[in-house]
Amino acid sequence: MKNVLVCGGSGYIGSHTVKELLTCGYNPMLYDRKEPEFNGLIKNVKCVVGDLSDYALLEKTIRDGKIETVIHFAGYIEVGESVAHPERYYENNVCNTLNLLNCMVACNVKNIVFSSSAAVYGCPREIPIKEDALLNPINPYGETKYAIERMLGYFEKAYGIRYVALRYFNAAGADKSGLIGERHSPETHLIPIVLNALCKDKEIKVFGNDYNTKDGTCIRDYVHVTDLANAHILAVKHLASGGQSRAYNVGSGVGFSIKEIISIAEKVTNKKARISYEKRREGDPSVLLADITSITTELRWTPENSSIENIIQTAWDWLKTKDKV
Ligand code: UDP
């Protein structure tokens with residue numbers, strides 16, 4: 001089970017996972033709209049530049065590469081954009097995943113690890129959130145992840161495709177090599193925005209300080225991208241050894257408010273933040289915090305790199321070097 005197709009492998013979490021796959025002796029092949037940016041680290045990895053909507057190219061890639069497992073990162077990820085343009089999210093996330101699954105059925109590929117999201121829970125009733133909590137997304141982004149999880153369940157029943165859906169909480173941080181890290185355009189995620197603002201003495205916009213939380217700002221569970229990458233390796237192994245299909249939360253199990261993140265970032269960077277409080281961003285739940293008992297006990301995963309200081313420190317180290325990579 002060494003030949004792994006990594007759809008969306010050129011992106012942030014994908015490239016960290018490709019690095020870990022290589023370290024663990026796998027043979028990853030990338031399928032992405034873009035070439036990987038991190039050529040220094042991901043050498044000698046074949047990358048097919050294409051779209052998941054291109055069935056013929058996808059099928060050829062899977063057959064030629066003798067693919068045995070798929071890791072599927074390719075998808076749009078912005079809550080705000082999904083509210084403004086739901087059609088993009090249904091098209092790219094749901095329709096293209098359907099295409100991928102049809103292709104897997106045709107090529108007899110039986111295992112898939114899918115990038116799901118804590119957004120499937122919507123506004124959870126109980127914190128920390130367990131995987132069997134009510135799934136009730138409150139934005140189109142979360143709806144598409146939920147729809148795909150359901151689709152995976154039906155494809156298992158009909159065609160025997162087994163899956164692990166990893167429900168990411170807030171991925172952040174960068175590889176300790178300093179050679180890969182987060183580079184979204186435009187950047188919408190809190191930690192890189194805060195660090196960039198501190199670096200350039202720009203104002204940080206905090207979306208809402210009237211939530212029902214300890215300081216009025218939203219609480220999130222930040223998980224280091226290297227830990228997240230390792231969760232994919234464990235999920236691949238789980239499926240290869242005949243493990244059952246299921247969804248796992250992947251977070252650190254610890255929550256931080258936006259104000260706390262800014263304050264820790266000030267300490268790490270030794271700079272002072274300028275903050276403006278804005279109205280709430282549509283589609284934001286007040287608290288997202290993972291119960292990680294299932295993945296730690298069943299897959300023996302640990303969030304060993306996910307202290308908030310390490311997350312922010314590695315993100316800061318990356319930000320200072322990324323223009324040179
Ligand atoms: N956020 C913010 N200012 C920003 C970017 C994000 O206040 O410039 C808030 C956002 O509204 C949310 C939290 O930070 O409450 C985390 O947002 P992010 O987009 O990083 O991740 P999400 O939880 O939406 O996946």
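When a ligand or atom number is given, it counts from 1 through the structure's own listing order.
A side-chain N or O of Y89 and one of E81 form a donor-acceptor pair less than 3.5 Å apart. When only modelled atom types and interatomic distance are considered, R167 and N249 share no side-chain donor-acceptor pair under 3.5 Å. A donor-acceptor pair shorter than 3.5 Å can be found between the side chains of S257 and D215. A donor-acceptor contact closer than 3.5 angstrom links the side chains of S252 and D221. In the model, S115 has a side-chain atom that pairs as donor or acceptor with a side-chain atom of Y168 under 3.5 Å.
Of all atoms in ligand 1, numbered sequentially from 1 with element shown, those under 4.0 Å from a heavy atom of C218 are 15 (O). For ligand 1, the atoms lying closer than 4.0 Å to a non-hydrogen atom of V206 are 7 (O). Within ligand 1, counting atoms from 1 as listed, the ones closer than 4.0 Å to a heavy atom of K205 are 2 (C), 3 (N), 4 (C), 7 (O), 8 (O). Residue N170 approaches ligand 1 through these ligand atoms, each under 4.0 Å from one of its heavy atoms: 21 (O), 22 (P), 23 (O), 25 (O).
Shortest contact from atom 23 (O) of ligand 1 to any protein heavy atom: R220 NE, 2.7 Å. Ranking protein heavy atoms by distance to atom 2 (C) of ligand 1, first place goes to F207 CD1, 3.4 Å. Of the protein's heavy atoms, T188 O, 3.5 Å lies nearest to atom 5 (C) of ligand 1. Of the protein's non-hydrogen atoms, the one nearest atom 20 (O) of ligand 1 is L190 N, 2.8 Å.
The aromatic rings of H16 and Y12 sit perpendicular to each other, their planes meeting at more than 60°, with 30° as the lower class boundary.
Residues M151 and L98 have side chains in contact (heavy-atom distance under 4.5 Å, counting atoms from C-beta outward).
With a 4.0 Å heavy-atom cut-off, ligand 1 is reached by the side chain of I258 but not by its N, CA, C or O. With a 4.0 Å heavy-atom cut-off, ligand 1 is reached by the backbone of H189 and by its side chain too. Contacts with ligand 1 closer than 4.0 Å are made by side-chain heavy atoms of D284 only, the backbone lying farther away.
Of the listed residues (N209, I262, I193), the one carrying the non-hydrogen atom nearest atom 8 (O) of ligand 1 is I193.
For the pair R281 and ligand 1, the shortest N or O to N or O distance falls below 3.5 Å.
Side-chain atoms of D227 come within 3.5 Å of backbone atoms of N305 as a donor-acceptor pair (strictly under, hydrogens ignored).
Cation-pi geometry between R220 and Y222 is not met: the NZ or CZ atom fails to fall both under 6.0 Å from the ring centre and inside 45° of the normal.
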